[in-house]
Amino acid sequence: EISLGLVGSEMCIRDRDGREAWRVYARPFNAPKSKPRIAIVLYGLGTSASATQAAIQGLPGAITLAFSPYADRLTGWLREARTAGHEVMLMVPMEPTNYPQFDPGPQALLTSLSDKQNTTRLEWILGRSVGYVGVVNYMGSRFTRSHSHMRLTLATLRKRGLLYLESHSAMRNVVGDIAKTLKLPFAATTLQLDQAASRLAIDSQLREAERLARRLGHAVAMGFPYPVTLERIGNWAKSVEKRGFVLAPVSAISKRSSK
């Protein structure tokens, strides 16, 4: 059961044991810190029933699933995903540099809106369902570059006890600094798996994720639920631990990054 508790001068959503929401809904994880961790996050789920079902039922539970806030029967999808062992996140649409040619949707956070308007939109997104550990930005190449807008957004997540995953690796340091100031659990994407949606390209990116995880201690790779992406991730996941890596939910990476 989640309740409100005080953290300093801020309100923070906690359960009866004092745990924040991102810990309450995290997938159980217990692996040696000495082993490199790789988190795979599939995003854009909930809009295609067949792709969403394939990801939930066909992939290992350690793979994190991120859902569109615009998805029909969102709560049902999240419940199914969690029952299958997956950690789940919500996507927060944000303004890209080529807006409005590319439109993230009617509830997107925009630099042209007031703080109150953006907060109202964010609260609408966060209120769409329950059971998620945090959020990941969708688009947002302009919005994430605005320090004031991102600070307000991350402060709202902090009050709700959620974590934040930055999908743009180029914004790792900028957004990470804000998160550190707010003491917000944070992780950043290391690479995109399927910018080229082919077997060879995805396999190459998975190998690169391993190389980076070995060098950095962890890596976060994001992908879209294309059939070829689901196939290659499923195949790769069968033997990743034999190669000395640990497949981790995104919360396990953010815990490490936020220390």
Side-chain angles (χ1 to χ4, degrees), residues 10-13 20-22 25 41-47 64-72 74-75 77-78 87-189 192 220 222 224 250-251 254 257-258:
E10 295 183 332
M11 294 297 290
C12 185
I13 298 180
E20 293 171 294
W22 76 280
Y25 298 121
V41 180
L42 282 180
Y43 68 96
L45 293 164
T47 54
T64 302
L65 305 181
F67 290 80
S68 167
Y70 305 130
D72 292 332
L74 178 61
T75 294
W77 283 129
L78 264 62
E87 194 166 272
V88 297
M89 306 186 77
L90 284 185
M91 297 162 60
V92 174
M94 298 181 184
E95 180 183 359
T97 52
N98 49 7
Y99 178 82
Q101 288 87 353
F102 287 83
D103 188 349
Q107 297 296 329
L109 309 187
L110 305 175
T111 56
S112 59
L113 298 180
S114 67
D115 288 352
K116 183 177 181 180
Q117 288 172 310
N118 276 321
T119 299
T120 298
R121 290 188 173 198
L122 180 58
E123 294 287 358
W124 180 88
I125 293 167
L126 299 179
R128 290 279 289 133
S129 192
V130 295
Y132 53 91
V133 295
V135 308
V136 56
N137 59 301
Y138 171 62
M139 297 191 183
S141 51
R142 175 176 290 152
F143 192 89
T144 55
R145 283 176 164 78
S146 170
H147 189 281
S148 61
H149 286 96
M150 283 306 296
R151 183 175 178 82
L152 177 69
T153 300
L154 297 187
T156 300
L157 299 179
R158 175 72 177 91
K159 291 175 184 178
R160 282 180 168 256
L162 299 168
L163 65 84
Y164 178 75
L165 172 64
E166 173 54 54
S167 69
H168 301 111
S169 56
M171 296 306 294
R172 171 192 302 270
N173 293 333
V174 176
V175 180
D177 286 346
I178 301 171
K180 185 176 180 180
T181 300
L182 294 170
K183 295 182 172 59
L184 175 81
F186 170 80
T189 302
Q192 181 76 28
V220 179
M222 290 189 69
F224 192 77
V250 74
S251 64
S254 66
S257 303
S258 62

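- Applying the side-chain hydrogen bond (donor to acceptor under 3.5 Å, both in side chains) definition to pairs two or more places apart or across chains, none involves residues 174-183.
- The two atoms that bring A179 and F186 nearest to each other are CB-CB, 3.7 Å, heavy atoms only.
- I125 and Q107 get closest at one heavy-atom pair: CD1-O, 3.8 Å.
- Heavy-atom minimum distance, G46 versus A71: O-CB, 3.3 Å.
- Checked options V220, L165, L90; the residue passing with V136 is L165 (criterion: side-chain contact (heavy atoms from CB on, under 4.5 Å)).
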Applying side-chain contact (heavy atoms from CB on, under 4.5 Å) to M89 and L163, what does each step give before you reach the verdict?
CA-CA 9 Å; M89 306 186 77; L163 65 84; 3.5 Å; yes

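- Sorted by first then second residue, the salt bridge (Lys or Arg N to Asp or Glu O under 4.0 Å) pairs that include residues 145-155, not counting sequence neighbours, number zero.
- Remark: T47 pairs with S68 by the side chain to side chain contact (heavy atoms under 4.5 Å, CB included) rule, at least two apart or across chains.
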Please step through side-chain contact (heavy atoms from CB on, under 4.5 Å) for the pair L113 and T120, ending with a clear verdict.
CA-CA 11 Å; L113 298 180; T120 298; over 6 Å; no

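- Every pair passing salt bridge (Lys or Arg N to Asp or Glu O under 4.0 Å) that includes a residue from residues 110-134 is listed here, sequence neighbours excluded: E123-R160.
- The minimum heavy-atom distance between V133 and W22, with the atom names listed, is O-CB, 3.2 Å.
- Considering only heavy atoms from C-beta on, L152 comes within 4.5 Å of T119 through its side chain.
- Residues meeting the side-chain hydrogen bond (donor to acceptor under 3.5 Å, both in side chains) test with T97, sequence neighbours left out: S141.
- Closest approach of L109 and F143 over heavy atoms only: O-CD1, 3.5 Å.
- Proximity of Y132 to L162: side-chain heavy atoms (C-beta onward) are separated by under 4.5 Å at one or more points.
- Partners of Y138 under the ring pair (Phe, Tyr, Trp, His ring centres under 6.0 Å) rule, at least two apart in sequence or in another chain, do not exist in this structure.
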For side-chain contact (heavy atoms from CB on, under 4.5 Å), just list the numbers for L157 and L154, CA-CA rounded to whole Å, side-chain angles, deciding distance to a tenth of an Å, and then say yes or no.
CA-CA 5 Å; L157 299 179; L154 297 187; 4.0 Å; yes

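- Here the closest non-hydrogen pair linking Y99 and P104 is CD1-CD, 3.8 Å.
- Not counting sequence neighbours, the partners of H149 by the side-chain hydrogen bond (donor to acceptor under 3.5 Å, both in side chains) test are S146.
- Under the 4.5 Å side-chain criterion, counting only non-hydrogen atoms from C-beta, I178 is not in contact with L184.
- Judged by distance alone, the side chain of T64 and the main-chain N or O of V250 form a donor-acceptor pair under 3.5 Å.
- Atom OG1 of T144 is separated from atom CE of M139 by 12.5 Å, given to the nearest 0.5 angstrom.
- Side chain of N118 to main chain of T111: no donor-acceptor pair is present (N/O by atom type, distance under 3.5 Å, no hydrogens or angles).
- With sequence neighbours excluded, no residue forms a ring pair (Phe, Tyr, Trp, His ring centres under 6.0 Å) with F102.
- Evaluation of the side-chain hydrogen bond (donor to acceptor under 3.5 Å, both in side chains) rule for Y164 yields N137, E166 as partners, not counting sequence neighbours.
- Residues satisfying the side-chain hydrogen bond (donor to acceptor under 3.5 Å, both in side chains) test with Y43, not counting sequence neighbours, are Q192.
- Within the 4.5 Å cutoff, the side chain of Y70 has heavy atoms near those of the P106 side chain.
- Annotation: salt bridge (Lys or Arg N to Asp or Glu O under 4.0 Å) contacts involving residues 87-97, sequence neighbours excluded, comprise E95-R142.
- Between T189 and S167, the side chains place no donor N or O within less than 3.5 Å of an acceptor N or O (distance only, hydrogens not considered).
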